[in-house]
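Handing you a structure now.
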Amino acid sequence: MTSNKILALKYRPQEFKDLIGQELMAETITNGIKLGKTPNAYLLTGIRGVGKTTTARLIAKALNCQKNTNREIKCSSEKFCPTCEEIISSNHIDILEMDAASKTGIDDIRELIENSKYSPTSAKYKIFIIDEVHMLSKQAFNGLLKTLEEPPPSLKFILATTEVRKIPVTILSRCQRFDLKRINADKLCAHLKNISAKENGKITDDAIRLIARTSEGSARDAISLLDRALISQSISKNNLIEEKYVREMLGLADRSKVISLFKEVLNGKEKEALQYLRELINDGIDAKNFLNDILEVIYLFSRRINLGSIEKDMTISEAEVKMVDEYSKNIDMQDVGLFWQLTIKTIDDLRIIGNENLTLEMYIMQLVHLKNIETKKDIFYSNIENNENKKQKSLIGENIKEENLENNLSTQVKNQLKNTDQIKKNPIKNLSPEISKNKIEITNLQDLIDKANEEKEVELKFDLERNVKLVSFNKGKIDISFNEKLNQSFIKNLAEKLLLWTGERWIISLSKNNDAKSIYEKNMERKLSKLEEFKKTDLAQQIQEAFPDAKITDIQEESND
C-alpha cells in the first residue's frame, strides 16, 4: 500500500531532522521539549506546503513519545513506539485534529473546550491541532481565549495558519509563534534528487531545477510536481524526463525563447517578436505563466543594469546569463520600469478579456511601442540639431539634463518631463509665409500672457498666470518653476505657440526655485499691500467711523476717461 501512496504523503517527514529548510525552528522546539519548557499553545505560520501540519504532528509525537518516560523503549524512523505509530496514522484518541475552515463557529469551540476538561486517556498530553485557525469567527476566537491562556496542565494547543494577519492580537499574545520559511531552491533540488533516486526516476538536473523554481519554496508543491512528472516514466521505463517535458506539462514558456522575444522587442522588431509569441502559444503556454516569466526576465535585466554581471545561481543557466548580458545594452531603467508596469496591467487585463492570445499579442505590440518612444525622441532631437545648428537640445520633453533629474527636481517635475504627449507630438516645423509676416516680439512674461489672452488660449493663459513661477526670461529662453496643478501638456503647448507667434524656437527649462512667485501671487501681494496702505489713510478712518460693521476688502483706481 505504501508504494502506491502519492509522493507528498510517502515522503512526509516523520522526525524533526527530516524537515528541510526549518532547522532553527526544529532545534528550538526540540530543546524546549527536552528542558520541559513547553508553551500552552504553539502557533505555526507560513505559506502552503512548508510543513505546518507536519510540524504540528512532530510536536505531538515529541511531547507524547513513550521513550520520554521509559528509556528502555526505542523509537526511531526504523521502528516507532506504539504512541508515535498511532499519531502517524491519525488514530490516537488524545491527539485531535480540527479543520477550522469547516468548523468556524462558537458551538464548535464550546465542544472543544468541554473535551479539554477531561484528562488524556493514554498519552502524557492531550493535544488539539487546529489547522487554518484564521478561519474561526470572532466569537469563536473570544471563546478560545481563556482556555488558551490557562489550559489544564495536560493540555496543549497547536495552531497552524497561512494568514497570520487575520488572527486577533489577543490570540497571538497567548501563543509561542514559529514562522516556517520558504525552502531554499538548492535544498529543494537536493531533496527532489533524493526522492527521484529512491523512486528510480530518470530526470535531468535542469528539469528538477525548473520544478523547484516553479514550486516557489513549497516542498509539497515540488514533490507533487515531481510525482506528476514521474508518472509518465512509469509507463515507459527508459524515458528520460527533460526540462522541455516539464515546461509542456506545466504550461511554461522556454525562458531562452522569452529572452529572445524580449531582444526583438528591444530592437523594435514587432513582426519577429510576434513570431516568437506565436511559437510559444503553439507550445501551449499559459498566458499568466508567460507574463510571470516576462516579469522574471525584466527583473534579470534590471539586475544586470544595476548590479553588473549576474552571478550563477539556481534560477538561471549560463546560456541565459550570456543572453541577458548581451541584450541589456539596449535597455535602461526607465524602460524597465515602464515594461514592468505594463506587464502587471496586462495580468489584470486577463481577468476581463476572454481571448488570452489576443491580449498577449496586444501586449507585445505595446512593449515595442514603449521602446520606440525613446527612439523617436532621439530622432527628433537629432533633426533639431541638424536644422538649427544649436549646441543645446530643445528641452521639449526633456527639459533638463538626465543626470540632474533625480537630485534637482521634485516628483511633479519628473511627471511633467515624462508626459508621453510631449515626446510623441512634434512642434510645428514649417511656418506659412502669412504667419512669418505676422510674427511678434515677446520680451517678458506679461507680453506672453497678453498674447495668449488675445489669441483666446484660455488654458495657457490660466497656467501662465497662476501655476507658473518665473525664474528668468530672456529672448529665446524661459526658465520657470511650477506647482502641482500645472497641465501636463503645458510645455508642449507653450513651445508650439511660441514658435507660431514669434517664428523662433524657444528653450523652456524647468528649475526648482521655491522663492519664485506666479503673476497671480504677485498681483495679490501688490493688491493687499495697497489695501493695507489705504486702511491707514484718513479717508479709510472716516469710512470706518461712518460704517462700523463694514470691512474694506478691495480698492479700485478710477479711470480718467
Side-chain angles (χ1 to χ4, degrees), residues 6-8 10-11 20-21 49-50 182-264 276-277 279-304 309-328:
I6 63 171
L7 297 185
K10 185 177 179 181
Y11 292 98
I20 58 171
V50 290
R182 291 176 185 267
I183 300 168
N184 180 276
D186 293 342
K187 292 181 179 179
L188 206 49
C189 285
H191 188 57
L192 293 177
K193 285 181 183 178
N194 186 33
I195 293 174
S196 178
K198 290 179 180 178
E199 294 294 316
N200 297 319
K202 296 178 181 179
I203 183 168
T204 65
D205 290 346
D206 289 338
I208 286 179
R209 191 182 299 115
L210 179 60
I211 290 173
R213 189 171 72 241
T214 306
S215 65
E216 297 177 346
S218 168
R220 184 177 60 225
D221 287 5
I223 297 172
S224 297
L225 292 175
L226 178 65
D227 195 5
R228 186 175 160 190
L230 292 179
I231 286 173
S232 65
Q233 196 179 59
S234 63
I235 299 171
S236 177
K237 296 293 183 181
N238 297 322
N239 186 26
L240 178 65
I241 300 170
E242 297 181 347
E243 182 183 7
K244 182 180 179 182
Y245 172 78
V246 176
R247 286 190 179 279
E248 291 175 356
M249 179 184 78
L250 301 177
L252 299 175
D254 184 349
R255 187 152 61 181
S256 61
K257 280 189 179 181
V258 174
I259 296 175
S260 298
L261 183 154
F262 209 68
K263 177 198 72 171
E264 303 301 343
Y276 273 113
L277 175 64
E279 287 179 12
L280 291 170
I281 290 173
N282 291 336
D283 290 341
I285 61 158
D286 176 76
K288 190 173 181 181
N289 286 340
F290 168 72
L291 291 173
N292 278 294
D293 287 340
I294 288 284
L295 288 176
E296 285 187 15
V297 170
I298 293 172
Y299 161 73
L300 290 174
F301 274 91
S302 67
R303 270 181 62 185
R304 177 65 183 85
S309 184
I310 300 172
E311 295 179 4
K312 185 180 177 182
D313 56 32
M314 295 295 293
T315 63
I316 183 169
S317 66
E318 291 183 7
E320 291 166 353
V321 169
K322 289 180 181 178
M323 293 174 76
V324 170
D325 286 342
E326 182 182 351
Y327 304 150
S328 60

From CA spacing to verdict: side chain to side chain contact (heavy atoms under 4.5 Å, CB included), L230, E199: CA-CA 9 Å; L230 292 179; E199 294 294 316; 4.3 Å; yes
Any donor-acceptor pair under 3.5 Å from S196 side chain to L192 backbone: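 No, S196 side chain to L192 backbone: no donor-acceptor pair under 3.5 Å.
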Spacing of CD1 belonging to I208 relative to CG belonging to L226, to within rounding of 0.5 Å: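 Going from CD1 on I208 over to CG on L226, the span is 6.5 Å.
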Residues forming a side chain to side chain contact (heavy atoms under 4.5 Å, CB included) with E279, sequence neighbours excluded: K257, Q275, Y276
Nearest heavy atoms of I241 and A229, plus distance in Å: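 Result for this residue pair: CD1-O, 3.1 Å.
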Contacts of type salt bridge (Lys or Arg N to Asp or Glu O under 4.0 Å), residue R220, not counting sequence neighbours: none
Residue list, salt bridge (Lys or Arg N to Asp or Glu O under 4.0 Å) with K198, at least two apart or on another chain: none
Distance (rounded to the nearest 0.5 Å) between L210 CG and L225 CG: 9.0 Å
Backbone N/O of A190 and side chain of N194: donor-acceptor pair under 3.5 Å: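 A pair under 3.5 Å: no.
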Residues which pass salt bridge (Lys or Arg N to Asp or Glu O under 4.0 Å) with E243, listed by chain and number, not counting sequence neighbours: R247
Beyond-backbone contact of M323 with S260, side-chain heavy atoms, under 4.5 angstrom: yes
Spacing of CZ belonging to R228 relative to CD1 belonging to I223, to within rounding of 0.5 Å: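 Going from CZ on R228 over to CD1 on I223, the span is 16.0 Å.
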Residues forming a side chain to side chain contact (heavy atoms under 4.5 Å, CB included) with K244, sequence neighbours excluded: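 Listed in chain order: E248.
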Side-chain donor/acceptor of R182 to backbone N/O of S218, under 3.5 Å: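 No, the answer is negative, given that no donor and acceptor are paired below the 3.5 Å cut-off.
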Heavy-atom side-chain contact between E216 and D221 under 4.5 Å: no
Donor-acceptor contact present, side-chain D227 to main-chain I6, <3.5 Å: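 Between the backbone of I6 and the side chain of D227 there is no qualifying donor-acceptor contact (under 3.5 Å).
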Point-to-point distance, once rounded to the nearest 0.5 Å, from CD1 of I183 to CG of D186: 12.5 Å
Set of ring pair (Phe, Tyr, Trp, His ring centres under 6.0 Å) partners for F262, sequence neighbours left out: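 Testing F262 for ring pair (Phe, Tyr, Trp, His ring centres under 6.0 Å), a comparison that skips the adjacent residues, returns F301, F339.
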Closest non-hydrogen atom pair, A185 against A212: O-CB, 4.3 Å
Residue pair I211 / L188, side-chain heavy-atom distance below 4.5 Å: no
Spatial distance of atom CZ (R209) from atom OG1 (T204) [nearest 0.5 Å]: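 If we round to the nearest 0.5 Å, R209:CZ and T204:OG1 are 8.5 Å apart.
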SB check E326 K263 (cutoff 4.0 Å):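 Looking at E326 and K263, the cut-off is not met.
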Closest heavy-atom pair and its distance - V324, I259: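 Taking V324 first and I259 second, the nearest heavy atoms are CG2-CD1, 4.1 Å.
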Euclidean distance, F290 CZ relative to L277 CG, rounded to 0.5 Å: 5.0 Å
